[in-house]
Amino acid sequence: MLDIKMIRQKPDFVKEKLAQRNVKPEMIDELLSFDAKRRDLILESETLKAQRNEVSDQIGQLKRNKEDASEAINKMKSVSQQIKDLDDQLREVEEKQTSVAAHLPNIPATEVPVSLTEEGSEELRKVGTPKEFSFQPKEHYEIGENLGILNFERAAKVSGSRFVYYVGDGARLERAVYNFFLDQNNKAGFTEMLTPYMVNEASMYGTGQFPKFKETKAGYEVDDGELSLIPTAEVPLVNYYRDEVIPSEQLPISVTALSPAFRSEAGSAGKDTKGLIRLHQFNKVEMVKITKPEDSWDALEALTHHAEELLQLLGLSYHVITLTTSDMSFTAARTNDLEVWFPAQARYREISSCSNTTDFQARRAHIQYRDDDGKLKFVHTLNGSGLAVGRTVAAILENYQNEDGSVNIPEVLQPYMNGQTIIK
RNA sequence: GGAGAGUUGGCAGAGUGGUAAUGCACCGGACUCGAAAUCCGGCGAACCGAUUAAUAUCGGCGCGCAGGUUCAAAUCCUGUACUCUCCUCCA
């Protein structure tokens with residue numbers, strides 16, 4: 001949520017910045033006109049309320065003295081009716097204003113590449129060199145199916161498309177990967193959590209999924225819409241602190257959690273229909289940081305570098321890009337994506353997304369801290385995958401495949417596989 | 001799923017229709033070389049609005065949340081969330 005006072009003060013700035021994210025400037029004008037109307041109504045209503053409070057006090061006095069108060073009471077009847085009418089109007093305007101405001105994305109940070117499409121992202125660095133093969137490398141799902149460690153057909157029978165069974169060494173490899181990630185995150189100072197996988201509407205709103213997520217049916221709802229399956233552990237991790245004032249000495253907070261992520265993938269029909277890349281349910285180790293405003297940009301750097309380290313330890317080559325203004329998620333002010341090399345497709349694919357949402361989520365979720373002057377301020381929240389587990393498994397299968405169809409296990413994962421060095 | 005009880009300020013805790021007691025904590029002052037204790041005074045989150053360069057002042061709101069009744073609601077009515085206890089069920 002953007003600060004309405006800031007929008008009021010700098011409407012042109014907001015229009016310009018949000019235009020970079022495909023938001024029509026008329027939306028800001030509309031918002032401001034609701035805001036002006038709302039404040040007019042508040043002023044009118046509150047003037048009458050002050051009057052009512054005063055007269056009610058007098059009525060109380062008269063009643064206590066056993067005197068007649070019917071004149072004042074009658075007068076107040078019409079005033080109360082006016083207040084009720086004004087408050088009805090006010091509620092209506094407020095709803096409209098909130099509805100517009102809830103659809104405005106975060107203001108992109110200044111150094112974010114401006115583009116109305118995903119084209120134009122900036123490559124920050126390239127690490128490692130794409131692996132050369134002396135044979136034609138296979139796609140990860142082909143390797144997995146051949147080895148009998150991934151089964152998409154059975155998953156389609158049991159659930160539908162975009163689901164998978166990991167079998168035997170496949171399941172063990174997945175488990176090795178996320179245990180490795182969690183251990184590394186612990187080492188880096190993240191507190192491990194296990195969270196609810198179903199969350200209420202307020203939580204989905206707090207982290208900025210709702211209302212858009214609901215409107216585009218991007219997720220899954222259960223219990224008649226009371227609860228949503230989490231699309232990422234970012235939701236329960238950030239909302240853990242919702243409606244709270246965090247003691248400033250506890251900042252920065254770093255938490256991490258493994259969870260399944262549930263996504264309907266509405267609108268991505270035909271994309272990545274095979275394999276582990278795009279599923280309705282996948283495992284992800286998520287990292288969340290909560291910082292004071294002045295620390296969040298350094299924290300984004302650190303978060304990105306930590307995610308990179310995971311790939312480096314796994315011996316996977318990747319590059320880091322900064323997403324364009326319109327390619328970022330709704331809540332982000334800046335997003336660094338890590339894309340890992342997939343040899344069969346000979347291209348980089350997203351495996352982690354690290355974002356600074358500044359105070360955007362904190363405003364929605366009311367997460368504050370008290371600064372040195374004792375004033376309440378909104379924290380900054382950051383999130384990053386560390387990492388997407390399924391895609392990591394896919395990357396390992398492709399990058400560590402041998403010509404005979406077997407797959408070497410990356411050295412750092414071998415301890416997690418009882419010393420096993422190869423899947424064949 | 002069923003029955004009951006509860007939810008008031010940072011904490012404890014009164015308040016059954018007249019506009020949130022009191023205590024602790026906190027802030028300021030007095031006393032003191034200083035502190036503690038004591039005394040005096042203040043302070044009730046957050047939020048919203050008006051005036052303001054700002055500090056600030058005034059007003060609204062505010063008793064889990066949302067509605068309703070009333071001139072007036074912490075108090076009455078309806079719905080709902082959460083916590084606790086019991087029953088049922090379950091891992």
In the structure shown, which nucleotide is the Watson-Crick or G-U wobble counterpart of B:C89, with both distances under 3.5 Å?
none
Distance between the C1' atoms of B:U16 and B:A12, in whole angstroms?
22 Å
A:Ile83 has an atom CD1; how far is it from atom P of B:G68, in whole Å?
14 Å
Would you say A:Lys77 places a side-chain N or O within less than 4.0 Å of OP1 or OP2 belonging to B:C71?
yes
Between CG of A:Leu41 and P of B:C48 the distance, given in whole Å, is 17 Å
Is the phosphate of B:G60 approached by A:Thr47 (side-chain N or O, under 4.0 Å from OP1 or OP2)?
no
Would you kindly give the NZ-to-P distance between A:Lys75 and B:A72, to the nearest whole Å?
14 Å
Which part of the nucleic acid, if any, lies within contact of A:Ile59, taking any heavy atom under 4.0 Å across all strands shown: a base, the sugar-phosphate backbone alone, or nothing?
base
Could you say whether A:Glu226 or A:Leu43 is positioned toward the 5' end of RNA chain B, judged by the nucleotide with the nearest heavy atom to each?
A:Leu43
Which base sits across from B:A53 as a Watson-Crick or G-U pair, both distances under 3.5 Å?
none
Return the set of residues passing ring pair (Phe, Tyr, Trp, His ring centres under 6.0 Å) with A:Phe181 (not counting sequence neighbours), or none when no residue passes.
none
Rounded to whole angstrom, note down the C1' distance from B:G13 over to B:A20.
13 Å
Between B:U85 and B:A72, how far apart are the two P atoms, rounded to whole Å?
41 Å
What interatomic distance, in whole Å, is found between C1' of B:A53 and the corresponding atom of B:U69?
47 Å
In whole angstroms, the gap separating C1' of B:C65 from CD of A:Glu201 amounts to 15 Å
Same-atom distance (C1') from B:A30 to B:A36, integer angstrom
15 Å
Name the pairing partner of B:A20, where a pair is Watson-Crick or G-U wobble with both distances under 3.5 Å, or state none.
none
Please report the distance, rounded to the nearest Å, between CD in A:Glu244 and C1' in B:A46.
14 Å
Round to the nearest Å and state the distance from A:Leu86 atom CG to B:G49 atom C1'.
14 Å
Does A:Tyr165 have its ring centroid less than 6.0 Å away from the ring centroid of A:Phe152?
no
C1' atom, B:C11 versus B:C90: distance in rounded Å?
38 Å
Applying the 3.5 Å cut-off to both distances, the Watson-Crick or G-U partner of B:C76 turns out to be B:G68
Counting only side-chain heavy atoms from C-beta out, which of B:G18, B:G67, B:G49 sits nearest to A:Arg91?
B:G67
Is A:Arg39 near enough to B:C48 that one of its side-chain N or O atoms lies under 4.0 angstrom from OP1 or OP2?
no
Would you say A:Arg8 places a side-chain N or O within less than 4.0 Å of OP1 or OP2 belonging to B:C48?
no
Pick base, sugar-phosphate or nothing for A:Asn53, based on heavy-atom distances below 4.0 Å to the nucleic acid.
sugar-phosphate
Considering only atom C1', compute the distance from B:A21 to B:U8 and round it to an integer number of Å.
12 Å
Is A:Ser45 reaching over with its side chain to a backbone N or O of A:Leu41, donor-acceptor style, under 3.5 angstrom?
no
Suppose we define a pair by two distances each less than 3.5 Å, Watson-Crick or G-U wobble; what does B:G41 pair with here?
B:C27
Phosphate-side-chain proximity, A:Lys84 and B:U69, N/O vs OP1/OP2 below 4.0 Å:
yes
Among the candidates B:C47, B:C48, B:A72, find the nucleotide nearest to the side-chain atoms of A:Gln368.
B:C47
Taking atom P of B:C47 as reference, at what distance in whole Å does atom NZ of A:Lys377 sit?
13 Å
Atom P, compared across B:U55 and B:U22: separation rounded to whole Å
31 Å
Is there a side-chain polar atom (N or O) of A:Arg52 under 4.0 Å from OP1 or OP2 of B:G60?
no
Are A:Lys37 and A:Asp40 ion-paired here, with the side-chain N under 4.0 Å from a carboxylate O?
no
With sequence neighbours left out, what residues match A:Arg278 under salt bridge (Lys or Arg N to Asp or Glu O under 4.0 Å)?
A:Glu265, A:Asp272
If the test is side chain to side chain contact (heavy atoms under 4.5 Å, CB included), which one of A:Val14, A:Val100, A:Leu32, A:Leu18 qualifies with A:Met27?
A:Val100
Residue whose closest nucleotide on RNA chain B lies nearer the 5' end, A:Ala50 versus A:Leu376
A:Leu376
Give a yes or no on whether a salt bridge exists between A:Asp87 and A:Lys84, defined as a side-chain N under 4.0 angstrom from a carboxylate O.
no
Once you apply the 3.5 Å cut-off to both distances, tell me the Watson-Crick or G-U wobble partner of B:C84, or none.
B:G4
Roughly, in whole Å, what's the span from CG in A:Leu62 to P in B:A72?
16 Å
Sub-3.5 Å donor-acceptor pair from the side chain of A:Asp224 to the main-chain atoms of A:Glu226, do we have one?
no
